[in-house]
Protein chains: 2
Amino acid sequence: MTGDGLDRSRKAGKTYKRIVEHIRGEISSKKLRPGDRLPPEANLARSLGVSRPTVREALKVLESQNVLRSSTGPTGGTFVEAIDGAGVAEYLKDSISLLLDVDELTLEELWEVREVTEVTAAELAAVRRTEQDMFVIEKTVEMDELKEGVYIVSDISFHRAIAEASKNRMLSLFAGSIHMTLRTLAERYIMPEDVLPEVKRISQQQHRLIYEAISDQDWALAATRMREHLQLSYGVYERAMPRGRSGRIGKQPPAGDARLGTGQVDAPRR
Amino acid sequence: MTGDGLDRSRKAGKTYKRIVEHIRGEISSKKLRPGDRLPPEANLARSLGVSRPTVREALKVLESQNVLRSSTGPTGGTFVEAIDGAGVAEYLKDSISLLLDVDELTLEELWEVREVTEVTAAELAAVRRTEQDMFVIEKTVEMDELKEGVYIVSDISFHRAIAEASKNRMLSLFAGSIHMTLRTLAERYIMPEDVLPEVKRISQQQHRLIYEAISDQDWALAATRMREHLQLSYGVYERAMPRGRSGRIGKQPPAGDARLGTGQVDAPRR
DNA sequence: CCCAGATAATTTGTCAAACAAATACCGTCG
DNA sequence: CGACGGTATTTGTTTGACAAATTATCTGGG
């Protein structure tokens with residue numbers, strides 16, 4: 001029982017990366033399943049023949065990918081998370097936000113994809129929706145109509161519910177990542193009072209109409225109405241977003257301009 | 001020279017995560033740009049008021065996200081990578097593959113999204129393509145027709161070129177992640193001789209026809225032909241993929257069954 | 001003067017050992 | 001029986017050191 005773990009002879013790349021691949025492989029092949037607990041870091045290090053800091057680099061990478069989660073204490077440890085689209089979408093949100101920030105992506109491009117994604121979701125939902133789905137969607141519609149709460153939040157809940165009703169987890173993942181991105185953008189740039197009551201009212205009506213089209217399983221109508229609704233929604237974000245590359249629009253530092261130490265960026269060497 | 005970096009009072013969460021957020025923030029706000037060199041780990045640790053292993057945990061996370069890259073030596077160090085969709089798509093590929101492996105996603109779902117994504121790309125490409133785009137696309141078509149090379153590779157190049165021609169980087173990101181996933185699947189499951197010559201021939205014809213439709217800026221025809229082509233392509237993958245949840249289909253360990261040490265998974269504690 | 005090879009310097013990569021912090025368990029005492 | 005405090009377990013974090021990789025620099029020979 002050598003149990004030596006990582007093949008040391010085939011050292012393809014950095015150690016921590018091999019460990020990451022190794023653990024991902026264990027999950028792929030279902031030798032590790034969601035909920036499983038990994039051995040303590042010290043034991044892992046010993047079995048893999050590396051040091052604890054190196055193991056930790058790998059574990060932190062997987063934790064940041066929402067694949068593992070750690071906690072302290074006797075019942076704590078490192079556990080395999082549920083492997084589903086939610087964790088991926090969460091990660092994607094951060095990446096998309098970053099791309100927007102550095103102008104490697106525009107709201108127009110994002111919206112073009114949102115439209116095709118969500119119109120498709122509406123079509124599929126109209127065809128595949130269950131009673132259960134309709135119940136969930138209706139709840140979001142009502143939340144929207146009744147509550148004074150944040151418009152953006154209930155709006156996104158509505159769209160998320162439809163994506164779920166499409167019964168396509170890939171579509172739901174992509175749509176979800178866009179929804180999370182929009183929520184982040186809204187939190188950053190949209191004050192609740194910025195959204196005109198008029199817009200809210202129309203949006204709510206559109207939600208109701210989309211709901212009915214899906215309920216009637218009229219996929220063509222659902223698609224048309226969704227498309228129309230998204231055009232209205234676009235205006236809300238487009239108006240609020242900082243303009244092009246004119247002003248500096250970074251994530252504003254939250255009170256306490258933390259910055260890297262002096263000489264944060266070395267000048268090119270020559 | 002306080003330059004103390006991370007606000008120690010607001011210790012929201014683990015240290016390495018705050019550092020990750022901090023550096024991502026510097027990139028978002030463009031205080032750090034692609035190509036910039038970060039201070040040596042030792043200096044970073046000092047300016048941030050933490051230890052080097054902790055800094056490294058953060059750096060490794062960002063490296064795994066294709067945001068940073070490190071190398072050794074006097075001209076080495078840690079550098080900011082180009083922030084674009086490629087790195088994100090690369091990461092997404094791994095996540096999607098994992099979801100497929102653990103049956104949290106089916107090829108059908110993936111294909112449904114591929115279809116809507118690529119049909120849209122074809123439509124947009126037909127409208128927005130430049131002469132330059134057509135040149136690139138044509139090269140992939142020719143590579144397909146002339147070369148005896150791997151069918152899958154040239155096929156994916158073709159689709160990738162069209163996604164690029166759509167002039168939508170978000171769409172290109174999503175499509176690219178799917179393409180990379182398919183390439184991985186093909187490497188794992190599809191032997192070159194598994195693809196019937198008949199299928200290859202028809203596929204090449206379809207590529208040519210799609211090319212012409214895009215060249216003619218006939219977006220409706222491009223969409224129709226792309227849809228048709230994708231149906232053929234689906235068969236190639238569907239036939240090769242391991243069936244449902246019957247057989248174990250993990251990433252087969254490449255000669256040298258590395259596994260975690262004995263007792264890799266602790267039994268639940270109660 | 002120029003070139004080649006040895007040498008030094010710089011930076012990440014890795015390891016070792018220890019302590020701090022969080023948390024659950026368990027035994028004891030009121 | 002319940003509250004309390006100690007103890008064990010595990011991750012979180014620090015310190016210090018050395019190894020490995022890679023480039024700059026120096027030195028000697030042609």
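What you are looking at is a predicted structure, and each value in this text was computed from that prediction instead of being measured. Note that these values count all heavy atoms, side chains included, but never hydrogens, waters or copies made by symmetry. First the proteins, then the strands, lettered A, B, ... as listed; each starts at 1.
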Self-check item: Contacts of Arg33(B) that satisfy side chain to side chain donor-acceptor pair (under 3.5 Å) - sequence neighbours left out
Solution: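 Testing Arg33(B) for side chain to side chain donor-acceptor pair (under 3.5 Å), a comparison that skips the adjacent residues, returns none.
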Exercise. Determine the interplanar angle of the Phe174(B) and Phe174(A) rings, folded into 0 to 90°, and report it as parallel if under 30°, tilted if 30 to 60°, perpendicular if over 60°.
Key: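 Geometry flag for Phe174(A) against Phe174(B): parallel rings.
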Separation of [N] [atom2] from [X] [atom1] (nearest whole Å):
X	N	atom1	atom2	answer
Phe79(B)	dT10(C)	CZ	C1'	12 Å
Glu41(B)	dA17(D)	CD	P	18 Å
Lys17(A)	dT14(C)	NZ	C1'	17 Å
Lys14(A)	dT12(C)	NZ	C1'	8 Å
Leu48(A)	dT14(C)	CG	P	13 Å
Arg37(A)	dT11(D)	CZ	C1'	11 Å
Leu44(A)	dT10(D)	CG	P	12 Å
Arg46(B)	dG16(D)	CZ	C1'	15 Å

Can you see if the side chain of [X] gets near the phosphate of [N] - specifically, an N or O under 4.0 Å from OP1 or OP2?
X	N	value
Thr78(B)	dT11(C)	no
Thr54(B)	dT14(D)	yes
Ser70(B)	dT12(C)	no

Self-check item: Partners meeting salt bridge (Lys or Arg N to Asp or Glu O under 4.0 Å) with Asp94(B) (sequence neighbours left out)
Solution: none
Practice problem: Kindly write out the residues that satisfy salt bridge (Lys or Arg N to Asp or Glu O under 4.0 Å) with Arg56(B), not counting sequence neighbours, or none if the list is empty. | Solution: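 So Arg56(B) forms a salt bridge (Lys or Arg N to Asp or Glu O under 4.0 Å) with Glu57(A), Glu41(B).
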Going by atom types only, do [X] and [Y] share a side-chain donor-acceptor pair under 3.5 Å?
X	Y	result
Thr78(B)	Ser70(B)	yes
Ser51(B)	Thr54(B)	yes
Thr106(A)	Glu109(A)	yes

Practice problem: Specify the residues of residues 55-66 of chain A, ordered by number, for which at least one heavy atom lies under 4.0 angstrom from an atom of DNA chain D. | Solution: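 Residues of residues 55-66 of chain A that come under 4.0 Å of DNA chain D are, in numerical order, Arg56(A), Lys60(A).
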With 3.5 Å as the limit, what N/O pairs link the protein to nucleotides 3-7 of chain D?
none

Quiz item: Distance from Leu173(B) atom CG to Ser177(A) atom OG, nearest 0.5 Å?
Solution: 9.0 Å
Practice problem: Would you check if the side chain of His179(B) reaches a backbone N or O of Ala175(B) as a donor-acceptor pair within less than 3.5 Å? | Solution: yes
Practice problem: Look only at the side chain of Thr184(B) and the backbone of Met180(B), and say whether a donor-acceptor pair between them is shorter than 3.5 Å. | Solution: yes
Exercise. Record whether the side chain of Arg52(A) comes under 3.5 Å of the base of dG12(D) through a donor-acceptor pair of N or O atoms.
Key: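 Side chain to base: pair present.
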Quiz item: Is the shortest distance from a Lys or Arg side-chain nitrogen in Glu21(A) or Arg18(A) to a carboxylate oxygen in the other one below 4.0 Å?
Solution: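 The answer is no: the pair does not qualify as a salt bridge.
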Self-check item: Ionic contact status for Asp155(A) with Arg183(A), cut-off 4.0 Å
Solution: no
Under 3.5 Å, which N/O atoms of the protein pair with N/O atoms of nucleotides 22-24 of chain C?
none

